[in-house]
Amino acid sequence: MFRPSHFLAVVLFALFASVVFGITQRETPRRMLHYGIYCFVLFSGAAVVLSWVMFFIAR
Amino acid sequence: MVTPQIKNEPARNSKQGFVYLPLIAGWLVPGAGHFLLGKWARGAFLAASIVCMFGLGLAMQGKLYGGAHDILDMLGLAGDLGNGLLYIVSRVLSLGADQVQVTTGDYGTRFIVVAGLLNVIAAVDAHNLRTGRKA
């Protein structure tokens, strides 16, 4: 059984979703790569930022 | 008058045939729609991402939705069905958890649903490539 941490789960989710978004939403390989990286950073960054927001709300 | 017809022939031929084949193939087998169109690298990346996501979902003891008892179950089932043959084979082999019992099982359930939704996006992309809506 695979038991990742919450952060690893977020990173894996962001990686796979970004690959599909990059390939399907852009037409040239260069733009696919850029958009995939952009999506990955947004997915991961949003999770980290929201986690800190929830941390301060819970205090 | 003859020359333009000959030049247009390959373009017309590429539009012939069953245009929904890449859509259906891509839904049943992740990446297959792109493989049919000769987009090998794109298809391989899509297949790897979707199959890995689905496999990790199962490995995390994620739940495969089998019936629709309420609206959330219906949405989950719709997402799971997007996985095509992966979902059907997994159901036949009784893979996945019946009930989410561990925390990672909840992550796994989401992984499986999202893998299905991503597969639908990939299949529609293959259809758009086939119809010429996308290059």
Side-chain angles (χ1 to χ4, degrees), chain A, chain B residues 22-23 26 30-31 33-34 37 39-62 82 95-97 100-129 132-135:
Chain A
M1 185 178 157
F2 180 53
R3 301 187 74 168
S5 65
H6 197 164
F7 181 69
L8 179 59
V10 164
V11 170
L12 288 171
F13 183 98
L15 177 68
F16 298 134
S18 300
V19 169
V20 176
F21 281 4
I23 291 173
T24 57
Q25 304 301 312
R26 292 294 181 269
E27 297 200 354
T28 61
R30 189 179 178 82
R31 294 189 67 203
M32 287 175 186
L33 181 65
H34 286 175
Y35 190 66
I37 293 170
Y38 173 73
C39 287
F40 180 78
V41 170
L42 275 188
F43 270 127
S44 309
V48 171
V49 169
L50 288 175
S51 300
W52 277 107
V53 169
M54 285 188 279
F55 172 76
F56 285 116
I57 288 173
R59 280 168 68 95
Chain B
L23 178 71
H34 288 76
L37 299 169
K39 305 281 185 187
W40 301 102
R42 292 187 201 185
F45 275 114
L46 290 171
S49 297
I50 292 163
V51 172
C52 280
M53 199 167 195
F54 184 84
L56 285 175
L58 289 181
M60 285 187 247
Q61 295 291 299
L95 298 177
V100 174
Q101 293 176 331
V102 290
T103 312
T104 53
D106 210 19
Y107 305 160
T109 304
R110 304 303 154 228
F111 267 54
I112 292 168
V113 171
V114 173
L117 298 175
L118 292 176
N119 192 37
V120 171
I121 293 174
V124 170
D125 184 60
H127 177 64
N128 287 338
L129 287 167
R133 201 175 296 164
K134 185 185 174 191

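In what follows, chains are A, B, ... by sequence order, proteins preceding strands, each numbered from 1. Atoms considered below: every heavy atom in the structure, side chains included; atoms not considered: hydrogens, waters and symmetry mates.
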Pick one of side chain, backbone, both or neither for B/I50, based on which atoms fall under 4.5 Å of a heavy atom in chain A. side chain
By a 4.5 Å heavy-atom criterion (distance strictly below it), what part of B/S49 contacts chain A: side chain, backbone, both, or neither? both
Closest non-hydrogen atom pair, [X] against [Y]:
X      : Y      : value
B/K134 : A/E27  : CG-OE2, 3.7 Å
A/F13  : B/F111 : N-CZ, 3.8 Å
A/F2   : B/M60  : O-CG, 3.4 Å
B/L46  : A/T24  : CD2-CG2, 4.4 Å

A/R26, CZ atom: more than 12 neighbouring heavy atoms under 6.0 Å: yes
Within 6.0 angstrom of B/F45 CZ, more than 12 heavy atoms from elsewhere: no
Heavy-atom side-chain proximity of [X] to [Y] below 4.5 angstrom:
X     : Y      : result
A/F16 : B/V114 : no
A/Q25 : B/I121 : yes
A/M1  : B/V102 : yes

Side chain, backbone, both or neither of A/P29 within contact of chain B (heavy atoms, under 4.5 Å): neither
Point-to-point distance, once rounded to the nearest 0.5 Å, from CG of A/L12 to CG of B/L56: 6.0 Å
Chain B: which of A/G22, A/A17, A/P4 shares the most heavy-atom pairs with it under 4.5 Å? A/P4
